[in-house]
Amino acid sequence: MEEVRGSSSLTRSRHGGGSPARFLQAIAPYFGGKRRLLGQIMKAFPTPADAPVMIDAFLGGGSVSLMAKARGYRVVCNDVALRSAAIGRAFIANDHVTLSTADVTRLLLPRAIPDGPSDDVLPERHARFVRGAMDVALRLGGAKGALLTVLVIRYIMSLRPMGNFGAKAVMQQLSEGRWEEVNPAVLRDSFTRRIQSPPQTICEELIPKINAGVFANGHRNEAQQRDAFDFLSDVEGSVVYLDPPYGGTAAYERALRPLDEILAGRHIDPVPSEFSGRRSVEALDRLIEACRHIPRLVLSYGNAVLRPDELEALVAKHRHNVTVRTIRHAHLAAVSSAEKNATNLEVLVTGGRPR
Ligand SMILES: C[S@@+](CC[C@H](N)C(=O)[O-])C[C@H]1O[C@@H](n2cnc3c(N)ncnc32)[C@H](O)[C@@H]1O
């Protein structure tokens, strides 16, 4: 078993095409995102010449699929959640449609704004803008609708750094300009400046970043929105990347519920993924089995419920030639305590031919 330290060298350097990995600016900063681990993850993949079709069953923020697209794989990605499937439609399946300032101007035209569950998540002016923009995005559909959905996601995340949807009182204080009541640490935070910007300014700042994620790679790439087991039952490929929610960590459906509710325009009763629940190890076992028609496997996982050697044994039940690397990966202070960072490991497992 090999141990390495996490690094972001690949995201700062070149992705093989000779230009810096500018397209990664398009990625939403979801927790669980693999942007900082891309160097190690991509090294675990066979080359596109050996494995031309890469399957990403849990797209999340999209960094691994986007990097694989840039490297020349044909990418077929999937995520059950709209917040991620929209990223797949905007950046993986789409290779030429981009957002323009005219698209934003259209969003700002006066019209009826639907009611929706965003008022305690964002200050009023921004809440109205995202509700209206999401209404347009869903009506439009297609690549443009997906890009507008990503714009809404990035807009919301930029006002809620690291997707922190607690602190509802702060939103009200900011909304009503009750500055003296706001926690000084929050006031110092850079998002305070952003919260005072008009929607147009925020969009104009985000659009070039989002458009940087749109490019062609000569393949017909695909994005789906299904449960991973349905998706894996009929998808064909040469290598599958599995990055399910890790057992023993917070469920995405709960942590990102306010975002999901704004995107859906209605209240949602979150149903946590089976990969986050008490039966996470059993779900992981079935998941690895569900990939047996795909010749190679790369799995990202944490060490909260299984030690690296236990994970290795689990994959070895299903595949030959299993390798394991552990990566010490300090999460951002905003999402993890110092104590957790001391023990958090990212485990990267590869598996060859199915048994
Ligand atoms: C760890 S994240 C993936 C992170 C991603 N690789 C990245 O770099 O951003 C896990 C994702 O799995 C999705 N998910 C959870 N349960 C699922 C299921 N049953 N089927 C498909 N996707 C699921 C979640 O919506 C979440 O986006």
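Worth knowing before you read on, the calculation uses all heavy atoms, side chains too, and leaves out hydrogens, waters and symmetry mates.
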| task | Report the C-alpha distance between R154 and I207 in whole Å, list the side-chain angles of each, state the deciding distance to 0.1 Å, and finish with yes or no for side chain to side chain contact (heavy atoms under 4.5 Å, CB included). | result | CA-CA 10 Å; R154 295 290 306 263; I207 282 178; over 6 Å; no
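- Counting heavy atoms from C-beta outward, L314 and E310 have side chains that stay 4.5 Å or more apart.
- Looking at H126 and I202, their side chains come closer than 4.5 Å, going by heavy atoms from C-beta outward.
- N303 contributes a side-chain N or O that, together with a main-chain N or O of L345, makes up a donor-acceptor pair within less than 3.5 Å.
- Note on E222 versus R74: salt bridge recorded, some NZ/NE/NH1/NH2 to OD/OE distance being below 4.0 Å.
- Panel note: side chain K144, backbone T98; a donor-acceptor pair is recorded below 3.5 Å.
- Although no hydrogens or angles enter the test, the distance criterion places no donor-acceptor pair under 3.5 Å between the side chain of Q224 and the main chain of N78.
- Here the straight-line distance linking atom CD of E312 with atom CZ of R307 works out to 11.5 Å at 0.5 Å rounding.
- Between the side chain of Q225 and the backbone N or O of D79 there is no donor-acceptor pair closer than 3.5 Å.
- The shortest side-chain heavy-atom distance between T101 and Q200 does not fall under the 4.5 Å cut-off.
- Note that CZ of R71 and CE of M42 are 5.0 Å apart. Values are rounded to the nearest 0.5 Å.
- Linking Ile, Leu, Val, Met, Phe, Trp and Tyr whenever their side-chain heavy atoms come within less than 4.5 Å leaves I268 and V121 in two separate clusters.
- The main-chain N or O of L306 is never found under 3.5 Å from a side-chain atom of Y301 such that the two would form a donor-acceptor pair.
- Side-chain contact, H219 with D95: no donor N or O sits under 3.5 Å from an acceptor N or O.
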| field | Intermediate values then yes/no, side chain to side chain contact (heavy atoms under 4.5 Å, CB included), R286 and E274 | value | CA-CA 11 Å; R286 278 190 292 116; E274 61 183 311; 2.6 Å; yes
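- With a 6.0 Å cutoff to the six-membered ring centre and a 45° limit on the axis angle, K69 does not count as a cation-pi contact of F91.
- Under the 4.5 Å side-chain criterion, counting only non-hydrogen atoms from C-beta, R83 is in contact with L263.
- Counting heavy atoms from C-beta on, the side chains of V305 and R278 never come closer than 4.5 Å.
- No salt bridge links E346 with R36; every basic N to acidic carboxylate O contact stays at or beyond 4.0 Å.
- With salt bridges taken as basic N to acidic carboxylate O contacts below 4.0 Å, none links R296 and D50.
- The nearest pair of heavy atoms linking P295 to S238 is CD-O, 3.5 Å.
- Taking a cutoff of 4.0 Å between a charged side-chain nitrogen and a carboxylate oxygen, R257 and D260 do not qualify as a salt bridge.
- Distance alone, capped at 3.5 Å, places no donor-acceptor pair between the S280 side chain and the S276 backbone.
- No more than 12 heavy atoms of other residues, nucleotides or ligands lie within 6.0 Å of CZ in R139, so this atom counts as exposed by the packing criterion.
- At distances below 3.5 Å, at least one donor-acceptor pair connects side-chain atoms of H293 with backbone N or O atoms of L232.
- For the side-chain contact (heavy atoms from CB on, under 4.5 Å) criterion with V240, the lone passing option out of L299, V298, L297 is L297.
- Between K34 and D56 there is no salt bridge, since none of the side-chain N atoms of the basic residue sits less than 4.0 Å from a carboxylate O of the acidic one.
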| request: Could you walk me through whether V64 and D243 pass the side chain to side chain contact (heavy atoms under 4.5 Å, CB included) test, one step at a time? | output: CA-CA 10 Å; V64 177; D243 185 13; 5.8 Å; no
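- Pairs passing the ring pair (Phe, Tyr, Trp, His ring centres under 6.0 Å) check and including a residue from residues 35-74, sequence neighbours excluded, read F45-Y241, F58-F275.
- Remark: H320 NE2 is packed, more than 12 non-hydrogen atoms of other residues, nucleotides or ligands lying under 6.0 Å away.
- The CG atom of L256 lies 11.0 Å from the CD1 atom of I262; values are rounded to the nearest 0.5 Å.
- Using modelled atom types, no side-chain atom of R125 and backbone atom of P199 make a donor-acceptor pair closer than 3.5 Å.
- In this model, a donor atom of one side chain and an acceptor atom of the other lie less than 3.5 Å apart for D103 and S100.
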| message | Could you walk me through whether H318 and C291 satisfy the side chain to side chain contact (heavy atoms under 4.5 Å, CB included) test, starting with their C-alpha distance in whole Å, then the side-chain angles of each, then the deciding distance to 0.1 Å, before giving a yes or no? | response | CA-CA 9 Å; H318 302 270; C291 301; over 6 Å; no
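- Contact check on D135 versus R131 returns no salt bridge, with no Lys/Arg side-chain nitrogen under 4.0 Å from an Asp/Glu carboxylate oxygen.
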